[in-house]
Amino acid sequence: MSAESTGSRGFTHWRLRFRAWRGNRPFWGGLFTMFSGVPIAYLPYADMRLGNMTLAMQTTAGAGSLIIGVLLITLGLTMWFQPNTRVFAGIAAIILGLVSLPMSNIGGFLIGFLFSLIGGALSVSWAPGVPAEELPAGEPLSDDDDAVAERPRTDDELSAVAAPTNTTDAHGGRNSAG
């Protein structure tokens, strides 16, 4: 095989594909939301052994905790594989995290509660990126910094605090339709 062959797909290829996949969805929001479901669902059923003594933390809200944990894991997967429902999934994760406080050992000892709030907030605030502008077909890429300096600057790039330009005519706040 020659050096220019694309016969083998190494680690870099898969890393770049994962980066592109991760950039098109609220990845971190889904990950935090899935992590929040684990302590909420697991801790009410956990046993701790100290020598010959077993401490069981089983509460009456065990079934409710399991349902909340499974729903949070499902919402995290939904954020990953259905990014269009990110706002619903984020709000539902926040609400389930709040419900887990009284239902599930203080929200999985606050670990699951905090992860669900962070994951839900990241999901609600995530927005798809704007695709980069493509170069014309015949224009090659340049490695020097002079190409950036030759590009015309916009007002937003020239000043960190640009004066707002309002082009609407409000007519004193009155409706001009009739």
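Because the structure is a prediction, the values reported are computed rather than measured.
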Are [X] and [Y] grouped together when hydrophobic residues (ILVMFWY) are joined by side-chain heavy atoms under 4.5 angstrom apart?
{"X": "Val70", "Y": "Met34", "value": "no"}
{"X": "Leu31", "Y": "Ile111", "value": "yes"}
{"X": "Trp28", "Y": "Val124", "value": "no"}
{"X": "Ile95", "Y": "Leu72", "value": "yes"}
{"X": "Ile91", "Y": "Ile67", "value": "yes"}

Tell me whether [X] contacts the main-chain N or O of [Y] through its side chain, where contact means a donor paired with an acceptor under 3.5 Å.
{"X": "Ser104", "Y": "Ile40", "result": "yes"}
{"X": "Thr33", "Y": "Gly29", "result": "yes"}
{"X": "Trp80", "Y": "Phe27", "result": "yes"}
{"X": "Ser123", "Y": "Arg86", "result": "yes"}

Counterpart residues, ring-ring contact (aromatic ring centres under 6.0 Å, His included), relative to Phe115 (two or more places apart): Phe32
Chi angles and distances behind the side-chain contact (heavy atoms from CB on, under 4.5 Å) call for Phe35, Ile73: CA-CA 7 Å; Phe35 281 164; Ile73 292 170; over 6 Å; no
Identify the two heavy atoms, one from [X] and one from [Y], that lie closest to each other, and give their separation to 0.1 Å.
{"X": "Ala93", "Y": "Gly120", "result": "CB-CA, 4.2 Å"}
{"X": "Pro26", "Y": "Met79", "result": "CD-O, 3.4 Å"}
{"X": "Gly97", "Y": "Ser116", "result": "CA-OG, 3.1 Å"}
{"X": "Ser125", "Y": "Leu122", "result": "OG-O, 3.3 Å"}
{"X": "Met103", "Y": "Gly64", "result": "CE-CA, 4.1 Å"}
{"X": "Leu43", "Y": "Phe109", "result": "CD1-CD1, 3.4 Å"}

Within 6.0 Å of CZ in Arg49, more than 12 heavy atoms from elsewhere: no
Pairwise distance CZ(Arg19) to CG(Asn24) - rounded to 0.5 angstrom: 13.0 Å
Any side-chain heavy-atom pair of Leu101 and Leu110 under 4.5 Å: yes
